[in-house]
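Treat the numbers as computed from the prediction; the structure is a model and nothing was measured. Naming convention: chains lettered A, B, ... in sequence-line order (proteins, then strands); numbering from 1 in each chain.
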Amino acid sequence: MTVVALRQVFNEVLMEIAPQHPELVVLTSDSRGSAALSPFAQTYPKQFIEVGIAEQNIVGIASGLASCGYTPFVFSPACFLSMRAIEQIKVDVAYSGTNVKLIGISGGVSYGTLGMSHHSLQDIAVTRAIPGLQVVLPSDRFEVRKLVDALLTDRHGTYVRIGRNPVRDVYADDNFAFEIGKAVRLRQGEDVTLVSTGEMVRLALDVWERLAHEGISATVLNMHTLKPFDRNAILAEVNKTRLFVTLEEHSIHGGLGGAVAEVLSQECPKPLLILGIPDEPAVTGSQQEILAHYGLTPEGVTNTVLGRMKRL
Amino acid sequence: MEFEELRRLEQVATQVRLQIMNMIYEAQTGHTGSSLGETDILVSLYFGGILRVDPKQPDWEGRDRFILSKGHAVEAYYATLAQMGFFDPDLLKTYCHYGSPFIGHPNNKIPGVEMNTGALGHGLAIGVGMALAGRLSEPDSKSRYRVFVLMGDGELAEGSVWEAAMAASHYQLDNLVAIVDRNRLQISGSTENVMSLEPLHSKWESFGWDVREIDGHDYRGLIDTFASVPFSKSRPSLVIANTIKGKGISFAENRAGWHHHVPTEEEYLRALDELNALLGGGAQ
């Protein structure tokens with residue numbers, strides 16, 4: 001199984017496609033190193049724009065480029081891009097309808113030791129409340145490649161969030177269908193539905209395996225797109241399992257758990273367990289240490305799910 | 001400039017000001033002082049042969065781009081576009097009516113409007129992106145499109161303006177022209193009391209822009225200045241246009257309270273009288 005950081009996959013794909021896509025421009029906010037885009041910047045200087053540490057500016061500039069027919073990919077730390085520039089994202093991208101691809105790098109608690117200023121645990125909540133903006137969290141290297149293909153033909157402004165650290169594969173190969181706005185069912189079970197997004201989908205698969213050892217069969221939904229939200233994928237599982245569990249590297253408020261709760265509570269109430277980072281400044285440490293602190297490990301999630309199932 | 005040409009621009013500007021008053025009085029909302037004050041700048045750009053745009057092909061790729069970054073002053077913008085023939089002026093009767101595309105800020109669903117603005121401090125960064133796009137698309141600087149961004153002076157307190165100002169000179173965008181509508185008033189009073197901007201000229205110069213300061217109501221000066229951009233090679237151009245907020249209606253001029261004051265019936269009728277007198281006839 002390959003273990004690779006998704007930012008590196010982005011760089012590889014963009015390097016491959018840049019010559020055939022003169023409309024593609026890549027922008028960074030003094031973040032070419034963090035985004036693993038130094039090779040791209042060196043190889044395609046005409047398609048690379050450095051904006052400096054200025055997130056509002058990078059989104060405004062990208063919107064101007066997009067309105068003139070270019071397809072800008074903006075790479076900037078998720079914590080700053082989704083907060084400092086949120087008004088530009090709302091107005092210049094979503095409202096004006098510009099085809100800007102916002103790639104929030106080092107998302108979640110990737111910058112674990114650096115504290116709340118650098119944690120990005122509210123970005124899904126904020127971006128998914130903006131009409132007209134797509135929100136996508138790819139889970140592994142195969143999905144990133146398919147996502148980039150989709151983004152090149154899609155004309156909507158899109159916020160994409162990836163992490164900083166290497167991640168294990170979710171898919172065995174690239175033989176699967178990927179469509180923005182369509183969830184992927186990775187496993188089908190009869191007891192519990194695990195809904196996950198982004199780099200936590202791998203965790204959901206690990207939990208699936210542990211639950212299986214305990215005699216619990218789980219469905220695993222890869223909800224790579226938070227907006228538009230695939231309501232039908234959730235509703236399709238309502239009568240098949242007894243409990244829904246959401247897993248995300250995000251605040252338990254307003255993210256994937258919130259989106260699933262909106263669907264279930266209004267359409268067909270079911271027990272729901274929302275797992276993520278609680279409403280507090282997250283502890284600091286490595287990404288893995290922080291996730292472990294909040295029980296977001298295969299063992300921790302499995303135990304929490306088993307405990308909740310006993311109370312059904 | 002010939003006397004006839006000057007007279008023609010004045011007449012267009014008066015028509016635009018009449019339209020502004022009609023729109024705002026009819027809708028009972030709007031930014032009267034701001035729109036009246038910027039009218040001569042817009043008329044110079046659109047009717048003075050500066051902007052290369054075609055109302056019949058509003059999306060023509062080679063067009064010059066204009067962004068009204070001070071989006072609240074939209075009435076003058078819509079009225080100017082209507083006078084240019086981008087759409088039927090009758091549509092402006094729906095201004096700020098329920099469901100109308102002619103909302104209280106620029107809306108890019110309307111022919112001739114490039115971007116939705118309204119949140120201050122956004123337009124210059126967008127202009128930087130457009131100017132970069134122009135340079136990427138067209139290596140020949142002579143046939144490259146230009147980008148004009150009109151900002152309010154109060155707007156300059158937004159930090160994002162200066163992020164964009166820095167980037168424009170870093171990238172040597174001599175196809176970018178920013179205009180500051182320098183009326184020295186904002187909603188709470190004098191710009192210098194609210195958040196002082198001076199020395200404005202040297203601020204922009206220190207950011208790498210070539211700066212010209214002119215009378216924002218003098219067509220000759222406006223058109224000569226705009227026609228001479230870029231003021232210097234490899235630098236963005238900044239025009240400080242000194243204007244009078246509420247220009248054209250005697251009792252609205254230089255009054256901060258008219259920033260978004262809606263005229264009473266009496267004020268409206270007096271305004272029409274003053275403007276119609278400029279047209280040289282009594283017809284409304």
Would a 4.5 Å heavy-atom cut-off, applied to side chains only, mark [X] and [Y] as touching?
X         : Y         : result
Tyr70(A)  : Leu132(B) : no
Leu136(B) : Gln47(A)  : no
Ser160(B) : Gln88(A)  : yes

From [atom1] ([X]) to [atom2] ([Y]), nearest 0.5 Å:
X         : Y         : atom1 : atom2 : result
Gln56(A)  : Trp162(B) : CD    : CH2   : 14.5 Å
Arg65(B)  : Cys68(A)  : CZ    : SG    : 4.0 Å
Met115(B) : Ser63(A)  : CE    : OG    : 5.0 Å

*For chain A, which of Met166(B), Met130(B), His170(B) has the most heavy-atom pairs under 4.5 Å?*
Met130(B)

More than 12 heavy atoms of other groups within 6.0 Å of [X] [atom1]:
X         : atom1 : value
Arg84(A)  : CZ    : no
Glu280(A) : CD    : yes
Lys90(A)  : NZ    : no
Met15(A)  : CE    : yes

Contact part of [X] toward chain B, heavy-atom cut-off under 4.5 Å: side chain, backbone, both or neither?
X        : answer
Val25(A) : side chain
Ala62(A) : neither
Ile49(A) : both
Lys46(A) : backbone

Of all the heavy-atom pairs spanning [X] and [Y], show the shortest one and how long it is.
X         : Y         : value
Asn116(B) : Tyr95(A)  : ND2-O, 2.9 Å
Val91(A)  : Ala119(B) : CG2-CB, 4.3 Å
Ile61(A)  : Ala167(B) : CD1-CB, 4.2 Å

*Of the options Val51(A), Asn57(A), Ile53(A), which is the one that meets Glu163(B) in a side-chain contact (heavy atoms from CB on, under 4.5 Å)?*
Asn57(A)

*asked:* If we define contacts as heavy-atom pairs under 4.5 Å, which of Gly52(A), Gly97(A), Gly64(A), Ser67(A) has the most with chain B?
replied: Gly64(A)

*Return yes if a side-chain donor-acceptor contact under 3.5 Å exists between Glu87(A) and His122(B), otherwise no.*
yes

*Any residues in residues 99-112 of chain B near chain A, with a heavy-atom distance under 4.5 Å, and which are they?*
Ile103(B), Asn108(B)

